[in-house]
Amino acid sequence: YAPAGLAEIGPRYRDPADPPSWVGMEALVATACVNTLEAKKHGLPPITSWKDLTKPEFKGQVSMPDPSSSGTGLLNVASWLQAFGDEAGWAFMEALDENVSVYTHSGSKPCKDAAIGETTVGISFDSRGLRLKEKGAPIELVFPGEGVGWDMDATAIVKGTKHLEAAKKLAD
């Protein structure tokens, strides 16, 4: 099914078939939400890479989602292993663990905590950070240079559905 507005969706975010079998709805991108006031208070240098978060001055200043209970946390682990390779990826995560003050069950909580000053750096995803920043939170979103993990939520209509018109309305 080709939902209304399909032409507005870039080709990378939908099935190329006509009609498409799936269409992307939202992309989530991993980011580091940095509370600029807390970073200044603690004299922390700017972050340009994931590896910056392993520096000694970041000890106790980082929170991230627990990869055993959060899809966002698992996304980060998978992306770090892809970016750094297995051996270097695990070494990076062991070093990062030394600086993580808390592992949350929620993927958005680290960024929420950074927004209110409960942590200096919250590893989270961009859409949460952007909403908090738009509401005035003193945070900057950093997309580290080694690359970031991303995920796309998509929609599709299952062939043979008993409620085809309702499914089309939802897809639209």
Side-chain angles (χ1 to χ4, degrees), residues 3-14 22-80 82-83 92-93 95-155 169-172:
L6 181 65
E8 312 256 338
I9 298 174
R12 293 176 31 175
Y13 308 108
R14 61 187 179 99
W22 62 271
V23 177
M25 300 181 311
E26 174 183 48
L28 304 172
V29 179
T31 188
C33 296
V34 180
N35 183 304
T36 55
L37 300 177
E38 290 296 312
K40 185 176 181 179
K41 182 170 93 176
H42 295 288
L44 298 175
I47 298 166
T48 61
S49 78
W50 290 117
K51 291 181 181 179
D52 287 344
L53 298 178
T54 66
K55 293 177 180 176
E57 55 263 42
F58 283 93
K59 186 162 188 71
Q61 301 298 322
V62 180
S63 82
M64 72 169 279
D66 185 335
S68 70
S69 62
S70 164
T72 305
L74 185 60
L75 171 80
N76 281 301
V77 168
S79 65
W80 292 328
Q82 290 173 37
F92 161 75
M93 288 184 278
L96 178 63
D97 180 62
E98 293 294 318
N99 290 347
V100 173
S101 61
V102 64
Y103 288 92
T104 66
H105 291 293
S106 162
S108 62
K109 188 165 179 15
C111 195
K112 290 177 190 175
D113 288 349
I116 61 172
E118 291 294 316
T119 191
T120 304
V121 180
I123 297 172
S124 192
F125 52 90
D126 66 330
S127 59
R128 173 59 62 196
L130 288 171
R131 282 191 293 257
L132 293 165
K133 186 174 178 166
E134 286 172 354
K135 290 181 178 180
I139 58 173
E140 290 297 325
L141 277 62
V142 176
F143 300 95
E146 301 94 339
V148 294
W150 64 277
D151 184 24
M152 184 180 325
D153 293 337
T155 187
K169 186 174 181 180
L170 179 63
D172 287 342

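Remember, it's a predicted structure, so these values are computed and weren't measured experimentally.
Remark: the backbone N or O of Ile139 is not paired with any side-chain donor or acceptor of Thr36 at under 3.5 angstrom. Here the side chain of Ser63 pairs no donor or acceptor atom with the backbone of Tyr103 at under 3.5 angstrom. Listed for the Asp153 side chain is no donor-acceptor partner under 3.5 Å among the backbone atoms of Glu26. Lys109 places no side-chain N or O within 3.5 Å of a backbone atom of Pro65 that could act as its donor or acceptor partner. With hydrogens and angles ignored, the 3.5 Å screen pairs no side-chain donor or acceptor of Trp50 with any backbone N or O of Val148. Remark: side-chain polar atoms of Asn99 are not paired, donor with acceptor, to backbone N or O of Val62 under 3.5 angstrom. In this structure, the side chain of Thr31 does not engage the main chain of Phe125 through any donor-acceptor pair within 3.5 Å. In this structure, Asn76 contributes its side chain and Thr72 its backbone to a donor-acceptor pair below 3.5 Å. Between the side chain of Asp113 and the backbone N or O of Glu118 there is no donor-acceptor pair closer than 3.5 Å.
Applying the side-chain contact (heavy atoms from CB on, under 4.5 Å) rule to Gln82 yields the partners Ala78; only residues at least two apart in sequence or on another chain are considered. Every salt bridge (Lys or Arg N to Asp or Glu O under 4.0 Å) that Lys41 has, sequence neighbours left out, goes to Glu38.
Sequence neighbours left out, not one pair with a member in residues 121-131 passes salt bridge (Lys or Arg N to Asp or Glu O under 4.0 Å).
To the nearest 0.5 Å, atoms CG (Asp151) and OG (Ser79) are separated by 11.0 Å. Phe92 contributes atom CZ, which lies 6.5 Å from atom OG1 of Thr54 (distance to the nearest 0.5 angstrom). Here the straight-line distance linking atom CZ of Arg14 with atom CG of Leu6 works out to 4.0 Å at 0.5 Å rounding. Here NE2 of His42 is found 10.5 Å from CG of Leu37. Values are rounded to the nearest 0.5 Å. Rounded to the nearest 0.5 Å, atoms CD1 (Ile9) and CE (Met25) are 10.0 Å apart. Residue Trp22 holds its CH2 atom at 5.0 Å from CE of Met152, rounded to the nearest 0.5 Å.
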Discussion item. Assess the residue pair Leu44 and Val34 against the criterion (side chain to side chain contact (heavy atoms under 4.5 Å, CB included)); give the C-alpha distance rounded to whole Å, side-chain angles, the decisive distance to 0.1 Å, and a yes or no.
Written reply: CA-CA 10 Å; Leu44 298 175; Val34 180; over 6 Å; no
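Pro138 and Ala115 make their closest contact through CD-O, 3.6 Å (heavy atoms, listed as atom of the first residue, atom of the second, distance).
Under a 4.0 Å N-O distance rule, the pair Asp52/Lys55 qualifies as a salt bridge.
Within a 6.0 Å sphere centred on CZ of Phe143, heavy atoms belonging to other residues, nucleotides or ligands number more than 12.
In summary, the side chains of Ser106 and Thr104 do not present any donor paired with an acceptor at a separation below 3.5 Å, with no hydrogens or angles considered.
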